[in-house]
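The block underneath contains the structure these notes are about, expressed in structure tokens.
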Amino acid sequence: MTTAATLPAPAPALTLARPARLPGAAVPLVVDIAALGAAVVAGGGFAWPVAGFVVTVLGVLAGRGLLRERICPRVSDQVPSLVGAVAAASFVLLPFLPSTDVLWLSVWSALLLVCGRLTVAVARRRGLLVRPVLLVGSGPVADRLAGILADHPEYGLRPMDRAVGVRQAIVCSPGDLSTVPAGLDVALVWPGGHALPRSGVDDLWGVPLVPLCRVSSVRPVVKRAMDVTIGGLLLVVLAPLLGLLMVGVLVTSGRPVLFGQRRITGAGRTAVVLKLRTLPAHADADTRWDVPVGATRLGAWLRRTHLDELPQLLNVVRGQMSLVGPRPERPYFAARFGDTVPHYAGRHRMPAGITGWAQVHGLHGDTSMVDRVRFDNQYVANWTPWLDLVVLCRTLVSPWQRGGSR
């Protein structure tokens, strides 16, 4: 374990803010679903392949960051991506529906998606969708941004001096990033003059902003849907194997077969995480870092292959944790790491997982906690459904690599 004595000096403490349920936070998703539903009706009605079309459109928009609330309400910048998402999804329908039906559905979808975004922009300009925003920094840049928001209410942004109830933060300079509370959607005033990134740039009255961390309102919904679908399927498929392993534990170690331990599974959330029992009961299991001796040959093999964690699929289906995410930690050690490891609390923005981005890079067990936290926060900030699938595939093949290391 990386001890406090070997850790770098802790960074300034950051307050972990839960993203608030703000009016309009989920507006892009709701409006797009309504627009696609209307397009399905106008294009000839529902058919099962059309469901794949709708899901593909929403997936492409999520991947391009268009299911988050933009700072600039300008719709013309979004039109190419909206039309491109529809065009990409239309290929899903071509093998199943006549090309004429696909064409009309695509036209209606693109038209109504654009109209929906125009409606949202008009509502913001009229003050119907106002969002609080945290301005981080001081000096001329901060004064300029505050003046812009005061002079241009059409952006629908209300400056705040506290992070309570705020989802969006605008950071005036890179040096101010360390003071941003975790869990916010961050946009940085671009300091590079005329050299701008190729895509993803937002702006506030001509001031270029680069989104650094997108906390999309669709993310929890999509991630939970993946957990229920994939987790439930894995639980059914692996049920015979799990039953066989439980019998093996019963024969070699006796009762109880399962071991439950309370872990931190998210911001302000705990759950009893289940495992196959591989060790004798120890009174200090919640505060002891090293693995005590006493495992049977079966128990040692289960721990080496991580098959002892299969019962956690029940935790996933129940909604207590996710398939992929930061490792759930015991409260005793979470409190210690929160005081000594920089940005440890930021990893709680995502539900804990059976496996994770840090684990598939070999960062589990007696490895650097600083490195594990770095990988966890990278995963949280850059999450996509595809990244979860990559982690799951790497987890499945890793027991046969490097002598069974995850």
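When a residue number appears, it is its place in the shown sequence, counting from 1. In this text, all values refer to a predicted model and were calculated from it rather than measured experimentally.
Note: His364 and His306 have perpendicular aromatic rings, judged against thresholds of 30 and 60 degrees for the angle between ring planes. The aromatic rings of His361 and Phe375 lie tilted to each other, with the angle between the two planes from 30° to 60°.
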- prompt: Does the pair Phe91 and Leu94 meet the rule for a side chain to side chain contact (heavy atoms under 4.5 Å, CB included), with working shown?
  reply: CA-CA 5 Å; Phe91 288 99; Leu94 288 176; 3.7 Å; yes
- prompt: Would Val40 and Trp108 satisfy side chain to side chain contact (heavy atoms under 4.5 Å, CB included), going step by step from the backbone distance to the final call?
  reply: CA-CA 8 Å; Val40 169; Trp108 277 112; over 6 Å; no
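Counting non-hydrogen atoms of neighbouring residues, nucleotides and ligands closer than 6.0 angstrom, the CZ atom of Arg144 reaches no more than 12 such neighbours.
To the nearest 0.5 Å, the span separating CG on Asp376 from CZ on Arg349 amounts to 10.0 Å. Interatomic distance, Phe96 CZ to Asp101 CG, rounded to the nearest 0.5 Å: 14.5 Å. One finds the CG atom of Leu250 at 11.0 Å from the CG atom of Leu258 (value rounded to the nearest 0.5 Å). Atom CD of Glu154 sits about 10.0 Å away from atom CZ of Arg124, to the nearest 0.5 Å. Of the inter-residue distances, the one linking Leu314 atom CG with Leu235 atom CG reads 5.5 Å to the nearest 0.5 angstrom. Atom CG of residue Asn377 and atom NE2 of residue His348 lie 10.0 Å apart, to the nearest 0.5 angstrom.
Remark: the Thr179 side chain and the Asp176 side chain contain no N/O donor-acceptor pair separated by less than 3.5 Å. Remark: the Asp388 side chain and the Tyr379 side chain contain an N/O donor-acceptor pair separated by less than 3.5 Å.
Between the side chain of Arg347 and the main chain of Arg327, a donor-acceptor pair closer than 3.5 Å is present. Looking only at distances, a side-chain donor or acceptor of Tyr155 sits under 3.5 Å from a matching main-chain atom of Trp205. Using a distance-only test at 3.5 Å, with no hydrogens or angles considered, a donor-acceptor pair links the side chain of Asp202 to the main chain of Cys72.
Using a 4.0 Å cut-off between charged nitrogen and carboxylate oxygen, Asp32 and Arg117 count as a salt-bridge pair.
Under the side-chain contact (heavy atoms from CB on, under 4.5 Å) test applied with Leu310, the options Leu241, Leu234, Leu276, Leu274 reduce to a single match, Leu241.
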